[in-house]
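Below is one structure; the comments refer to it alone.
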Protein chains: 2
Amino acid sequence: MVVTPELLSFFPLLKLLPASSLLALVQASTVEKFARRAVVLNAGQHEHNVCFLFEGRLQGVDFTVDGREVGLFFVEPGDVCGEIALFDRGVQPEYIIVLSPAVVVWVPLENLRAAMLECPPLVSNLGMRLAQRIRQLTLQRSLLGMPNIAQRVCCQLWLLVEEHEKAHMKEGVIKNPPTHMEIAIMLNLSRETVTRVFQTLQQQDVVRRDGASRLQLPSLSLLKAYADGSREL
Amino acid sequence: MVVTPELLSFFPLLKLLPASSLLALVQASTVEKFARRAVVLNAGQHEHNVCFLFEGRLQGVDFTVDGREVGLFFVEPGDVCGEIALFDRGVQPEYIIVLSPAVVVWVPLENLRAAMLECPPLVSNLGMRLAQRIRQLTLQRSLLGMPNIAQRVCCQLWLLVEEHEKAHMKEGVIKNPPTHMEIAIMLNLSRETVTRVFQTLQQQDVVRRDGASRLQLPSLSLLKAYADGSREL
DNA sequence: AAAGGCGAGTGACTCTGGTCACATGCGCCG
DNA sequence: CGGCGCATGTGACCAGAGTCACTCGCCTTT
């Protein structure tokens, strides 16, 4: 696949750029495909490209000194990662790995940085992204403080529900739900513990499996009650 | 106390501003004193001021849904907090509370935002701050993944050592060390557990108390070994 | 069809870290 | 100087989560 202006315009962030800057980036950008489990960005490295996800699904993870995996966030098509270095040219804070086979567009860091400095809306948008990321990290951190395990899992599930579904509080659905293992590493739990919580939730009909790629949530209000602790498993 | 240009120039961030902008901010800014345990910024609120710490010590904390406290980071004199809203006018992500009696300079959010938009170096510096914050949050998160408790405490201590002291790896010192309770909430532990780890560390002469405001670390290399898991307690 | 990998489900055992309930020590302030 | 508040120190107890060692079912690959 070859990089075209249309391809770059797929990304909301790059749409903010004037046509001339966009064209300049097209020249320098490349496309790459990744298989499941591949490493897209390396923690601790000075990456020379910003990663735009076109297709597939990525995850930000970290590893503790003793080799244990720590889940941080998911990346969906249209999202960016590795953009932090645009601000401080620092090292990549976490690993980005592939959950489902991915197509990535690489835009060289320095080119994008140059374009950004001449495009205030882009700076502003990226600033908002970082701000959002900090909020998300803070929230995730507060999840880990919860002593009740089941509550932790329910909160995480609640976070995965689309905003507009939360509004009317009836049933919801999580597309491409994370595996038990993936939830476990995000919540500092063992995979078995997550499985056991899911078993209980299924008995209460709070969650229902619907093939591998969908998780039904028949009663959002019940899920919410477990999540905020007003009800216990 | 009254706000003067000299006072604002105490803060590295504001020193980047041209004199004219600084003068405009002086008019709008105020000073406030806070007692220990006071709440300076409220999570979830749209704060109308950015907080510059002149004196004392603050901490960013969050609370889980069940009321448990979660420690996030410390704020030292010269630092800023509540600056995230400059980028997206969003709500404050965490509470900022007072650890030791503090003097705070309030700069109205919108005034600073206006000044920032006309001063690229300030945008750049703030962007670097956010980036740094994300790195710090990610690192802190990875600490929580460690199954070995003592290691977690040692890593946290290691993070509190000054960079230049880490370099020669001899003895180090932590000024104004956090209390056991404060360490506990940062690491998702109980206060008693932290005390017990400290007891063991003191027996090994890895840490030594030196009054309330100093913590001696006679052997940084040993601390490092415990922190990276190459040695176990 | 066989084989292999992977996600999920389950039981038994272990043991760590939270909780509770104290004691101690220190500094501050009226 | 006495008393209070706060940080620290310590032991006993035990619930709850991790670990291990499986099985089962569903895919993709050979």
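Residue numbers start from 1 in every chain, and the chains themselves are labelled A, B, ... in the order their sequence lines are given, proteins ahead of strands. For the numbers below, each heavy atom of this structure counts, side chains included, while hydrogens, waters and symmetry mates do not. Worth saying up front: this structure is predicted, and the values here are computed from it rather than measured.
Side chain to side chain, B:Thr195 and B:Arg191 meet the donor-acceptor criterion of an N or O pair below 3.5 Å. With 3.5 Å as the limit, one finds no donor-acceptor pair spanning the side chains of A:Glu232 and A:Gln151.
For the side-chain contact (heavy atoms from CB on, under 4.5 Å) with A:Leu189, the qualifying choice from A:Val194, A:Ile183, A:Leu144 is A:Val194, the only one to do so. Each of B:Leu220, B:Val161, B:Leu223 was compared with B:Lys166 under the side-chain contact (heavy atoms from CB on, under 4.5 Å) criterion, and only B:Val161 meets it.
Here A:Glu55 does not pair with A:Lys33 in a salt bridge; the nearest charged N to carboxylate O distance is not below 4.0 Å. A salt bridge links A:Glu94 with A:Arg133: the distance from a Lys NZ or Arg NE/NH1/NH2 to an Asp or Glu carboxylate oxygen falls below 4.0 Å.
Taking the centre and axis of the six-membered ring of A:Phe63, the NZ or CZ atom of A:Arg68 falls outside the cone set by 45° and 6.0 Å.
In 5' to 3' order, the nucleotides of DNA chain D bounding all contacts with chain A (an atom under 4.0 Å from a heavy atom) are D:dA17 to D:dA21.
To the nearest angstrom, P of C:dT16 lies 15 Å from CD of B:Gln151. At whole-Å resolution of the value, CG in B:Leu187 and P in C:dG17 are 13 Å apart.
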What one-letter contact string describes nucleotides 5-10 of chain C from 5' to 3', where B marks a base within less than 4.0 Å of any protein heavy atom, S marks contact via sugar-phosphate atoms alone, and - marks no contact?
--SBBB
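No donor-acceptor pair closer than 3.5 Å links the side chain of A:Ser230 to the backbone N or O of A:Tyr226.
Of all non-hydrogen atoms in A:Ser29 and A:Val105, the two that sit nearest each other are CB-CG1, 4.3 Å. Residues A:Phe11 and A:Leu53 come closest through the heavy atom pair CE2-O, 3.1 Å.
At the heavy-atom level, A:Asn188 lies under 4.0 Å from the strands shown only through sugar-phosphate atoms.
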Below 3.5 Å between N/O atoms, which protein atoms pair up with nucleotides 23-30 of chain C? Just atom names and distances, please.
none

